[in-house]
Amino acid sequence: MAPRYRVTLTKEERKELEAISTKGKRAAQTVLYARALLLLDVGEYDQKWIVAQAAEALGTTTRSLEHLKKRSVEEGLHAAIERKKRETAPREIQFGGEFEAKLLALACSEAPEGRERWTIRLL
């Protein structure tokens with residue numbers, strides 16, 4: 001079966017991915033994905049690896065590399081190697097700005113009688 005998605009990198013993209021995989025501090029997954037895209041490139045700049053060989057060399061599965069190739073082709077290079085940003089907040093905001101303003105005003109006021117300072121429980 002012919003590969004459905006083909007990763008073809010330009011010289012600039014290859015240089016950028018090589019810099020990501022060799023220089024600086026980055027998330028391990030970002031470095032792994034950059035190395036994988038370099039191996040899976042079918043352009044004219046490097047040797048050709050098949051997905052199974054790249055998966056074995058990188059210690060990952062062929063399925064994850066196929067998904068990586070798909071993201072790279074459909075969404076672009078940076079979308080493929082970086083984590084996707086959350087669209088929704090992890091949980092709903094319970095208190096609005098009005099509550100926060102009242103709480104700050106109370107915390108900045110004098111402590112209650114018999115106390116040195118405000119505690120979380122007292123607030």
Side-chain angles (χ1 to χ4, degrees):
M1 183 166 120
R4 185 167 176 184
Y5 296 97
R6 305 186 120 215
V7 178
T8 306
L9 302 172
T10 63
K11 262 188 179 174
E12 293 80 27
E13 290 173 334
R14 285 194 64 80
K15 284 183 182 178
E16 186 177 345
L17 288 175
E18 286 169 357
I20 288 172
S21 65
T22 58
K23 298 176 185 170
K25 287 187 175 183
R26 300 197 188 277
Q29 187 176 22
T30 303
V31 174
L32 179 75
Y33 285 167
R35 290 177 58 210
L37 286 174
L38 286 170
L39 291 178
L40 296 172
D41 179 25
V42 295
E44 58 192 52
Y45 304 110
D46 205 12
Q47 61 185 358
K48 282 43 168 188
W49 285 59
I50 61 173
V51 176
Q53 288 175 331
E56 187 177 335
L58 295 170
T60 186
T61 63
T62 57
R63 187 175 188 104
S64 66
L65 293 184
E66 288 294 340
H67 287 298
L68 176 66
K69 286 174 28 176
K70 179 181 178 182
R71 280 195 316 271
S72 174
V73 170
E74 291 180 352
E75 300 172 18
L77 187 65
H78 291 289
I81 62 173
E82 298 291 332
R83 285 185 65 136
K84 187 169 79 170
K85 303 290 184 216
R86 286 186 75 120
E87 293 177 5
T88 59
R91 66 177 202 194
E92 190 176 311
I93 298 173
Q94 296 177 352
F95 306 111
E98 183 181 323
F99 174 78
E100 185 179 355
K102 287 181 183 179
L103 184 64
L104 282 173
L106 182 62
C108 293
S109 68
E110 293 249 349
E113 194 174 315
R115 303 287 181 145
E116 266 187 54
R117 61 179 178 265
W118 284 102
T119 63
I120 296 295
R121 194 171 285 209
L122 287 173
L123 289 172

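Only heavy atoms go into these numbers, but all of them, side chains included; no hydrogens, no water, no symmetry mates.
Within the structure, the side chain to side chain donor-acceptor pair (under 3.5 Å) test picks out the following pairs touching residues 52-61 (sequence neighbours left out): Thr60-Ser64, Thr61-Ser64. Listed by first then second residue, pairs satisfying salt bridge (Lys or Arg N to Asp or Glu O under 4.0 Å) with a partner in residues 21-31 number zero, not counting sequence neighbours.
Side-chain heavy atoms closer than 4.5 Å link hydrophobic residues (I, L, V, M, F, W, Y) into clusters, and following such links, even through other members, never connects Leu104 to Phe99.
With sequence neighbours left out, Lys102 forms a salt bridge (Lys or Arg N to Asp or Glu O under 4.0 Å) with Glu98. Residues satisfying the side-chain hydrogen bond (donor to acceptor under 3.5 Å, both in side chains) criterion with Thr62, sequence neighbours excluded, are absent altogether. Shown here are the side chain to side chain contact (heavy atoms under 4.5 Å, CB included) partners of Lys70, two or more places apart in sequence or in another chain: Tyr5, Glu74. When the side chain to side chain contact (heavy atoms under 4.5 Å, CB included) test is applied to Arg35, the partners found at least two apart in sequence or on another chain are Ser21, Val31, Leu58. By the side chain to side chain contact (heavy atoms under 4.5 Å, CB included) test, Pro112 is found to be paired with Arg115, Trp118, Leu122, residues two or more places apart in sequence or in another chain being considered. When the side chain to side chain contact (heavy atoms under 4.5 Å, CB included) test is applied to Glu113, no partner is found at least two apart in sequence or on another chain.
Leu37 contributes atom CG, which lies 9.5 Å from atom CG of Leu32 (distance to the nearest 0.5 angstrom). Annotation: the span from Tyr33 atom OH to Leu38 atom CG amounts to 15.0 Å, rounded to 0.5 Å.
For the pair Arg71 and Leu68, the minimum side-chain heavy-atom distance is below 4.5 Å. Residues Lys69 and Val51 are in side-chain contact: their nearest non-hydrogen atoms beyond the backbone lie under 4.5 Å apart.
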Only distances under 3.5 Å count here; give the side-chain donor-acceptor pairs of residues 75-86 to other protein atoms, sequence neighbours excluded, each with its distance to 0.1 Å.
from: His78; atom 1: NE2; to: Glu16; atom 2: OE2; distance (Å): 2.8
from: Arg86; atom 1: NE; to: Thr88; atom 2: O; distance (Å): 3.1

